[in-house]
Amino acid sequence: MHGVISKARARLVRTGRSGRYLLGTLMTATVTLVAAPLLCVPSLAAPWAERHRRRAGAVLGRPVEPRPRALRRDLAWLVTQVATGLPAGILTLLCLGNLLLTLVVTVGWWAFPTSDPPRLLLLDVRINSWASALTINLAQLLLLAALGAIALPPLARVHARCCLAVLAPSPAEQLAARVTELTRTRTDVLQAHGAELRRIERDLHDGTQARLVAIAIRLAVAGQSLPHDPDAAAALVRQAQAETEEAMTELRSVIRTIYPPVLADQGLVGALGTLADRAGVPTRVDIGGLGEVPAAVEAVTYFAVTEALANIARHSRATKAAVHVTRNGAMLSAQITDDGTGGADASRGSGLDGIRRRAAALDGTMKISSPPGGPTTITVELPCV
């Protein structure tokens, strides 16, 4: 019994969602018809078409990815919207309107004049008694409800598919957009690579190289002082030894930024576990079967999780975080979530933009969901090819 009720509730929800979509389509189709001259302007046609793409994607439960602007397709959609949206919306309005009218007549038939009792639209029967209101009206009510439940969801899906099909970019447009994206990401990669080389050179020059020069000078002085002042020479050697240890520490730090040794020692699973143990907030790690992962993908994943956890500790005011890494075929996905205050934005030039650039260098993507008030979810997807 409970299963039947759940199915009926789910069908009712689908019917209601489809009805709202189709009634909204009727309104937007009417606006399109009336304001067609204005909507033919490219600056208005594109956002109008995108609005319908998002609505259609929500009905079908599909994510709607950004697409290259194509005025010809947007204008074609204006015609299609009027040609398909008006009939579908009018049918929905008739169905739901008659359903509402039947409910009104069932309850308030007695308020109509006795000389002109209400008449059912579908069955063409006059309602002049409670018996007819509760029997004949109920039959029409059930008929309209069944018609809506059967017809509206498929009608909404057909219209939504038509919308996405008309507005979908052609293979040539997809190729052009892909070339543009690759050009942009390669430019970002070259810029990031140049900045990384400059940083490494600066770290080596200002840190390790300076210490090595100091060590060489101390050893040279110690060599000159050894014949006539062995104690001073020994002190210089001890100082040079301390400098050598510090130089080795700095050199390891520089190497760690190039390819973390923990990845080579423990692999990605162990490295992420170590990161979680050292995170500023309690962090749960969930890693599925990853198989063999290229070293470059491991490094980008490690740096992405490192940066995300550092941001969580510094900015989010979170009380807990989670890292979930899975692999689906050739695609590795790393998802970092927290229960903080939200508002993360990669466009402000933060470390999140660095994650995006690192992912783009491998033809990967980074997505952020961080509404004000939280929670924040960062998803990095990288191809393992």
Side-chain angles (χ1 to χ4, degrees), residues 4-5 7-36 38-39 48-49 51-62 76-167:
V4 174
I5 295 175
K7 290 181 179 179
R9 185 184 297 114
R11 178 172 287 276
L12 180 63
V13 170
R14 285 196 304 271
T15 303
R17 187 183 297 119
S18 301
R20 288 195 303 271
Y21 172 80
L22 291 169
L23 290 177
T25 298
L26 175 61
M27 295 176 59
T28 57
T30 304
V31 172
T32 301
L33 181 62
V34 173
L38 289 177
L39 294 176
W48 188 245
R51 180 179 184 276
H52 287 87
R53 289 182 73 236
R54 290 192 295 271
R55 292 182 68 241
V59 168
L60 297 175
R62 299 180 188 173
W77 166 242
L78 297 181
V79 178
T80 306
Q81 169 69 341
V82 173
T84 61
L86 286 177
I90 290 172
L91 287 175
T92 304
L93 182 62
L94 289 175
C95 179
L96 298 182
N98 283 329
L99 187 63
L100 179 61
L101 181 61
T102 301
L103 286 172
V104 172
V105 170
T106 300
V107 176
W109 65 269
W110 51 269
F112 290 82
T114 56
S115 61
D116 187 21
R119 183 190 300 271
L120 289 182
L121 298 181
L122 292 183
L123 303 179
D124 194 23
V125 176
R126 294 182 183 275
I127 304 300
N128 52 20
S129 67
W130 280 113
S132 59
L134 295 178
T135 56
I136 302 175
N137 264 21
L138 182 60
Q140 175 164 300
L141 188 67
L142 293 176
L143 180 61
L144 287 170
L147 179 63
I150 294 172
L152 295 187
L155 185 60
R157 288 195 297 269
V158 168
H159 183 274
R161 291 193 186 101
C162 177
C163 171
L164 295 181
V166 172
L167 292 173

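Note that the structure is predicted; figures quoted are calculated from it, not measured.
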Notebook entry, point to check: For Arg53, what residues pass the salt bridge (charged side-chain N to carboxylate O under 4.0 Å, His left out) criterion, not counting sequence neighbours?
Noted result: Glu50

Margin query: One pair to check against side-chain contact (heavy atoms from CB on, under 4.5 Å): Thr32 and Trp77. What are the steps and the verdict?
Written below: CA-CA 10 Å; Thr32 301; Trp77 166 242; over 6 Å; no

Distance-only check: which donor-acceptor pairs under 3.5 Å involve side-chain atoms of residues 86-93, not counting sequence neighbours?
from  : atom 1 : to    : atom 2 : distance (Å)
Thr92 : OG1    : Ala88 : O      : 2.9

Side-chain polar contacts of residues 15-31 - donor-acceptor pairs under 3.5 angstrom, sequence neighbours left out - could you list them?
from  : atom 1 : to     : atom 2 : distance (Å)
Thr15 : OG1    : Arg11  : O      : 2.8
Ser18 : OG     : Arg14  : O      : 2.8
Tyr21 : OH     : His159 : ND1    : 2.8
Thr25 : OG1    : Tyr21  : O      : 2.8
Thr28 : OG1    : Gly24  : O      : 3.2
Thr28 : OG1    : Thr25  : O      : 3.0
Thr28 : OG1    : His52  : NE2    : 3.3
Thr28 : OG1    : Gln81  : NE2    : 2.7
Thr30 : OG1    : Leu26  : O      : 2.7

